[in-house]
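Okay, structure first, notes after.
Because only heavy atoms are used, hydrogens play no part in the values below, and waters and symmetry mates are left out as well, while side chains stay in.
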Amino acid sequence: MFREMNPLMRTTRFMLFAVCLLACLRTDGVLAQSYNRVSEKNIKVVRGKKLVLTGAVRDGDEVVYRFRARAGQKVTVNIIGRDSDFSVYLNYGLDVEPVAQETKSWSGTMPREFNGHCEIGVHSTYKVADYRLEVLVK
């Protein structure tokens, strides 16, 4: 009743199993290394009134604040926190343009053709960073 497997067939099955197992293990390692948790929050900024946001962020994570801005508006961003900094991005639909990278303060005027979202990504430079983010649009 029980038939013995051909040695060539046994070797082929073992090789196929080994290749599949290695592919699965390799995929898990790559995903774990490149994983970065991003928390996105939409905020409403009133022109001429400073918006103050407080929070905390862990190292390797990012909190992204998104708000609408129009062409010609001047945006000023400051962060107060020993172990935190931020980056500013202009989102033109599918195109994202980095404007400031890992800084404590930034001020700039929105480009003439701009009609989209401004994004502020807050990061930690240590384990856990408390911060106070101030955003002003004129």
Side-chain angles (χ1 to χ4, degrees):
M1 254 173 94
F2 181 75
R3 285 182 13 200
E4 255 193 348
M5 247 193 261
N6 180 353
L8 181 62
M9 185 180 238
R10 187 180 318 144
T11 305
T12 305
R13 283 189 178 179
F14 177 75
M15 294 292 284
L16 182 62
F17 172 76
V19 168
C20 290
L21 181 63
L22 287 174
C24 289
L25 292 175
R26 182 160 169 82
T27 303
D28 286 345
V30 170
L31 291 176
Q33 291 172 355
S34 62
Y35 183 67
N36 188 13
R37 289 180 295 239
V38 177
S39 173
E40 297 180 3
K41 300 178 181 185
N42 289 321
I43 58 174
K44 183 154 176 81
V45 180
V46 178
R47 193 175 83 194
K49 187 174 181 182
K50 185 188 299 184
L51 177 64
V52 178
L53 305 162
T54 58
V57 65
R58 289 187 163 286
D59 187 27
D61 295 350
E62 184 176 39
V63 178
V64 176
Y65 294 100
R66 182 178 297 128
F67 62 94
R68 290 222 29 89
R70 285 186 264 154
Q73 287 183 325
K74 183 176 180 180
V75 178
T76 304
V77 182
N78 293 312
I79 194 164
I80 301 165
R82 184 176 66 191
D83 299 324
S84 59
D85 57 19
F86 67 90
S87 299
V88 179
Y89 307 96
L90 299 182
N91 189 340
Y92 294 90
L94 297 176
D95 297 332
V96 177
E97 176 186 339
V99 178
Q101 296 288 323
E102 298 174 2
T103 185
K104 293 277 190 185
S105 90
W106 175 81
S107 181
T109 304
M110 296 297 112
R112 254 188 300 161
E113 67 279 353
F114 184 74
N115 186 18
H117 289 93
C118 188
E119 296 178 354
I120 303 167
V122 178
H123 337 101
S124 171
T125 58
Y126 191 58
K127 293 180 181 179
V128 177
D130 293 329
Y131 63 88
R132 175 187 160 136
L133 185 70
E134 301 174 346
V135 181
L136 176 65
V137 176
K138 292 183 181 179

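Note on residues 72-99: no pairs pass salt bridge (Lys or Arg N to Asp or Glu O under 4.0 Å), not counting sequence neighbours. Sorted pairs that involve residues 48-87 and meet ring-ring contact (aromatic ring centres under 6.0 Å, His included), not counting sequence neighbours, are lacking altogether. Contacts classified as ring-ring contact (aromatic ring centres under 6.0 Å, His included) and involving residues 107-129 (residues at least two apart or in different chains) are given here: Y92-F114.
The CG atom of L90 sits 5.0 Å away from atom CE of M110, with the distance rounded to the nearest 0.5 Å. With rounding to the nearest 0.5 Å, the separation of CG in N78 from OG1 in T103 is 9.0 Å.
Not a single side chain to side chain donor-acceptor pair (under 3.5 Å) links T125 to another residue, sequence neighbours left out. Annotation: side chain to side chain contact (heavy atoms under 4.5 Å, CB included) contacts of R47 (sequence neighbours excluded): Q73. Partners of N91 by side chain to side chain donor-acceptor pair (under 3.5 Å), not counting sequence neighbours, listed by chain and number: E119. Scored by the salt bridge (charged side-chain N to carboxylate O under 4.0 Å, His left out) test, K138 finds no partners at all (sequence neighbours excluded). Residues forming a side chain to side chain donor-acceptor pair (under 3.5 Å) with R68 (at least two apart in sequence, or on another chain): none. Looking at residues two or more places apart in sequence or on another chain, you find a side chain to side chain donor-acceptor pair (under 3.5 Å) between T76 and S107.
Note: the hydrophobic cluster containing V75 also contains V45 (ILVMFWY, side chain heavy atoms under 4.5 Å, direct or indirect links). Both W106 and V122 are assigned to one and the same hydrophobic cluster, defined by single-linkage of ILVMFWY side chains at heavy-atom distances under 4.5 Å. I43 and V64 fall into different hydrophobic clusters, where Ile, Leu, Val, Met, Phe, Trp and Tyr side chains are chained together by heavy-atom contacts under 4.5 Å.
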Atom pairs and distances, donor-acceptor, side-chain atoms in residues 48-59, under 3.5 Å, two or more places apart:
none

- Task: For the pair C118 and V88, evaluate side chain to side chain contact (heavy atoms under 4.5 Å, CB included) and give the outcome as yes or no after the intermediate values.
- Result: CA-CA 7 Å; C118 188; V88 179; 3.9 Å; yes

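Here the closest non-hydrogen pair linking S84 and K104 is O-NZ, 2.5 Å.
Hydrophobic cluster of V96: the remaining members, joined at side-chain heavy-atom separations below 4.5 Å, are Y89, listed by chain and number.
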